[in-house]
Undergrad: 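Sending over a structure as structure tokens; questions will come in a sec.
Every chain is numbered from 1 and lettered A, B, ... according to where its sequence line falls, protein lines coming before strand lines.
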2 protein chains.
Amino acid sequence: MVTIYDVAKKTGFSITTVSRALNNYPDVSEKTKKLILEVADKMGYFPNSIARSLTMKKTFTLGVIFVEDLGIGMKHPFFSVVIEGFKQRAEKFGFDLVFINRFIGEDRKSYIDHAYYRGVDGVIVVCSHYDDPEVKKLIESPLPSVVLDVHSDQTNVIYSNNIYGCELAIDHLYSLGHQKIAHIAATDGSFTGKERLKGFGLALDKYGLTIDDSYIVNGGLFSYESGYNAMNRLLKLDDVPTAVFASSDTMAIGAIKAIKDAGLSAPDDISVVGFDDIELAQHITPGLTTIRQNAELMGRKAADLLINQINDEDEDFSTILLPVELIIRDSTKDITN
Amino acid sequence: MVTIYDVAKKTGFSITTVSRALNNYPDVSEKTKKLILEVADKMGYFPNSIARSLTMKKTFTLGVIFVEDLGIGMKHPFFSVVIEGFKQRAEKFGFDLVFINRFIGEDRKSYIDHAYYRGVDGVIVVCSHYDDPEVKKLIESPLPSVVLDVHSDQTNVIYSNNIYGCELAIDHLYSLGHQKIAHIAATDGSFTGKERLKGFGLALDKYGLTIDDSYIVNGGLFSYESGYNAMNRLLKLDDVPTAVFASSDTMAIGAIKAIKDAGLSAPDDISVVGFDDIELAQHITPGLTTIRQNAELMGRKAADLLINQINDEDEDFSTILLPVELIIRDSTKDITN
DNA sequence: CTGAAAGCGCTTACAG
DNA sequence: CTGAAAGCGCTTACAG
């Protein structure tokens, strides 16, 4: 590898001047700068980020923390899209992404220890449990961070307007004549799951519909299986709902499977609405009516927020609420006639 | 942050001894080691990976290079699974993942420059074009690497047994009575696409079926749209095939959509077989018959190969051929009666 | 078994 | 406008 010393020797200038020229400092003569840049380029020189990081105490590296129970990591249909948006934006600003886990080598460490170990300039926390103590510690630490799908005043947070999304879902179902509407919730440690349960209740209130406790079944996690199992419980009810609003698309897809397995049809017997609008939603049969979150935007905004925080330490923390929209496909049906 | 100097001062030993104790060197007395470890732990000390990397010229970091035309990056239904497998395995060995792109800050650089800039110990190249000059340069460089879905003698490579996969697909279709079998290929810069086209030809030969040129349509890229468009071309033929073998699941799903849009049915009018067995394959209707690649295994093997190469420079390069299997679902139909 | 010193490749006061 | 020197936090010969 060619180092700054090599460039210095070749050009006859000191490493100080070479460094300054390379970093485009103003106090270098144009002529010198031009020469140094040319030689550096010809020699194929570029700085060693490690050495640079050690002196500058800045790595131009962003940590990605992926907390989720399902263990699917990057295969996550929603968050992989978020991360991609985040990545593209971060790279524009010269930041590379590093995955941060709970280990350093073989030793169990906290996320925050790992983040300091790697010297990342900031972290994005994805898919977190609102009550994970390690995430809490991270949020309270001085390390710049942005957290998705959690609320906190102590760092930057971003989430979709879950409450409004629920209202859109119920508006839609109500307009199709549905009044017996059930909810498949996912409140195990999930902020969004809790929000959507709340939004469901508020939306029913809006139409003066009473909420039957048996119509709210907690699937626990946002998974296909939990949606499937929750739906089966609803199907066993004496008075089966005509519509189901699931807290996520994966759950909705599991629910539709349960409906089919019971010999019924969605939407002919039961209408189903999901939440997220993952890639799959448009490809299954019936196409899934759902509340779309803008995953890409969420990632991009997260990058902007985090990088701002890194560049300006005094920056106040932001809370960003992202818009959602209703996507009508074939899993919901008008039952007014 | 607490540094090795702090631990040295606190324990009364030199940083040399502290370093040795921390790294579990044999030539430190048990008593000393124990004391140092205790104090270090109590102080919340752990080494700074940046400083460590600078002296050791090793970062315990693996670069991920994601080359693909579709621009979907981490959302890729097949490769996101591969990466997840790779990640989990790499982390077990203490390596963290960093994404390598073609920029350093705002400046366009090659992958290899970026990899050196970040000092990664090795790279995995995913989804590459076999003829991408930058990938070629990378393969030929001394940087340890493992490349997926490409063949080369100059580095470690891993790919599924595409040829055999094609044979399985055609065996299946032939056994269902199909003889008019078309192929939707994806040969634009893709090794796997080319392999599968070859495998298709070999399999037809096996049954003495002649290959009609009009039955081979090159979709170009592995995308939904290209599958859709390719199928439309097949549907315009005077003698429409009874079965289609697509070079990937996404293409197969696009093809099925084209069949539906033409007012026909898969599998009643045309049977369709894909390749990959992505998550979606089991959820669409009809469930997609396909050739499964073991994406997770591909990722894990890649990590093993790469880490071996890093730890033992004299290690010979390996070529690993991964098994595939036929997954029969509902998109193929017996037409013998 | 332990320590003083050099060095990894940069950047940045400080001085001129 | 330019350079000598210190320092970032480690590891590793080298010496004892």
Undergrad: Nearest nucleotide by nearest heavy atom, which residue falls closer to the 5' end of DNA chain D, A:E30 or B:N23?
TA: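 Of the two residues, A:E30 wins.
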Undergrad: From CE of B:M56 over to P of C:dA6, roughly how many Å is that when rounded to an integer?
TA: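 From B:M56 CE to C:dA6 P: 22 Å.
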Undergrad: Partner of D:dC1 by Watson-Crick or G-U wobble geometry, both contacts under 3.5 Å, or none?
TA: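 Because both required distances fall under 3.5 Å, D:dC1 counts as paired with C:dG16.
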Undergrad: Can you check whether A:L148 reaches A:M298 side chain to side chain, under 4.5 Å on heavy atoms?
TA: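 They are in side-chain contact.
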Undergrad: Let me know the distance between CD1 of A:I15 and P of D:dA5, rounded to the nearest Å.
TA: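 It is 11 Å, rounded to the nearest whole Å.
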Undergrad: Looking at D:dG3, I'd like to know if its phosphate oxygens (OP1 or OP2) sit under 4.0 Å from a side-chain N or O belonging to A:T16.
TA: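 A:T16 to D:dG3 OP1/OP2: no side-chain N or O under 4.0 Å.
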Undergrad: For the pair made of CG in B:D27 and P in D:dA15, what is the distance, rounded to whole Å?
TA: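 It works out to 16 Å between those atoms.
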Undergrad: If we ignore angles and hydrogens, is there a donor and acceptor under 3.5 Å between the side chains of A:S29 and A:T32?
TA: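 Checked: A:S29/A:T32 side chains pair up, N/O donor to acceptor below 3.5 Å.
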Undergrad: Choosing from D:dC1, D:dG9, D:dA4, which nucleotide comes nearest the side chain of A:S14?
TA: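 The answer is D:dA4.
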Undergrad: How long is the line joining CZ of A:F46 and P of C:dG9, in whole Å?
TA: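 Going from A:F46 (CZ) to C:dG9 (P), I get 13 Å.
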Undergrad: Whole-Å distance between C:dT2 P and B:L22 CG?
TA: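 Spelled out: CG on B:L22 to P on C:dT2 is 14 Å.
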Undergrad: Does the Lys NZ or Arg CZ of A:K58 fall within the cation-pi geometry relative to A:F60 - under 6.0 Å from the ring centre and within 45° of the axis?
TA: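 Verdict for A:F60: a cation-pi partner in A:K58.
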Undergrad: Categorize B:T32 for me: base, sugar-phosphate, or nothing, with a 4.0 angstrom heavy-atom threshold over every strand shown.
TA: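 Counting heavy atoms under 4.0 Å across all strands, the contact made by B:T32 is with sugar-phosphate only.
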Undergrad: Is there a side-chain contact between A:T55 and the phosphate of C:dG9, meaning an N or O under 4.0 Å from OP1 or OP2?
TA: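 Checking A:T55 against C:dG9: no side-chain N or O falls below 4.0 Å of OP1 or OP2.
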Undergrad: In whole Å, I'd like the distance from the NZ atom of B:K9 to the C1' atom of C:dG3.
TA: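 It is 17 Å, rounded to the nearest whole Å.
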Undergrad: With a 4.5 Å limit on heavy-atom distance, are the side chains of B:F86 and B:E91 in contact?
TA: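 With C-beta onward as the side chain, the pair stays apart.
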Undergrad: Return whichever of B:R20 or A:V2 has its heavy-atom-nearest nucleotide of DNA chain C closer to the 5' end.
TA: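 The residue mapped nearer the 5' terminus is B:R20.
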Undergrad: Hey, does the side chain of B:N48 come within less than 4.0 Å of D:dC8's phosphate (OP1/OP2), counting only N and O?
TA: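 So the side-chain polar atoms of B:N48 never come under 4.0 Å of the phosphate oxygens OP1 or OP2 of D:dC8.
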Undergrad: Mind calculating the distance between CZ (A:R52) and P (D:dC10) to the nearest angstrom?
TA: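 For the pair A:R52 CZ and D:dC10 P, the rounded distance is 21 Å.
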Undergrad: Any side-chain N or O of A:K57 below 4.0 angstrom from OP1/OP2 of C:dT11?
TA: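 Checking A:K57 against C:dT11: no side-chain N or O falls below 4.0 Å of OP1 or OP2.
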Undergrad: Any idea which of D:dT2, C:dC1, D:dC10 is nearest the B:I4 side chain?
TA: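 Selected nucleotide (nearest to the side chain): D:dC10.
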Undergrad: Measure the distance from CZ on A:F60 to P on C:dT11 and round it to the nearest whole Å.
TA: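 Taking atom P of C:dT11 as the reference, CZ of A:F60 is at 11 Å.
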Undergrad: Report yes if at least one side-chain N or O of A:S29 is closer than 4.0 Å to OP1 or OP2 of D:dC1; otherwise report no.
TA: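 Indeed not, no polar side-chain atom of A:S29 lies that close.
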Undergrad: Find which nucleotide of DNA chain C each of B:L54 and B:K33 is nearest to by heavy atoms, and output the residue with the more 5' nucleotide.
TA: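 Nearest-nucleotide comparison on DNA chain C picks B:K33.
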Undergrad: For the residue pair B:Y159 and B:F191, is the inter-centroid distance of their aromatic rings smaller than 6.0 Å?
TA: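 Yes, close enough.
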Undergrad: Just by distance, with hydrogens left out, do A:N101 and B:K87 show a side-chain donor and acceptor under 3.5 Å apart?
TA: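 No, no side-chain donor-acceptor contact under 3.5 Å.
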Undergrad: Give one of base, sugar-phosphate or nothing for B:I50, where a contact means two heavy atoms less than 4.0 Å apart.
TA: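 No contact.
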Undergrad: So for A:Y5 and C:dC10, does any side-chain atom that can act as donor or acceptor lie under 3.5 Å from a complementary atom in the base?
TA: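 Under the 3.5 Å cut-off, the side chain and the base do form a donor-acceptor pair.
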Undergrad: Measuring to OP1 and OP2 of C:dC10, would you say a side-chain N or O of A:Y45 lies under 4.0 angstrom away?
TA: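 Answer yes for this pair, as a side-chain N or O of A:Y45 is under 4.0 Å from OP1 or OP2.
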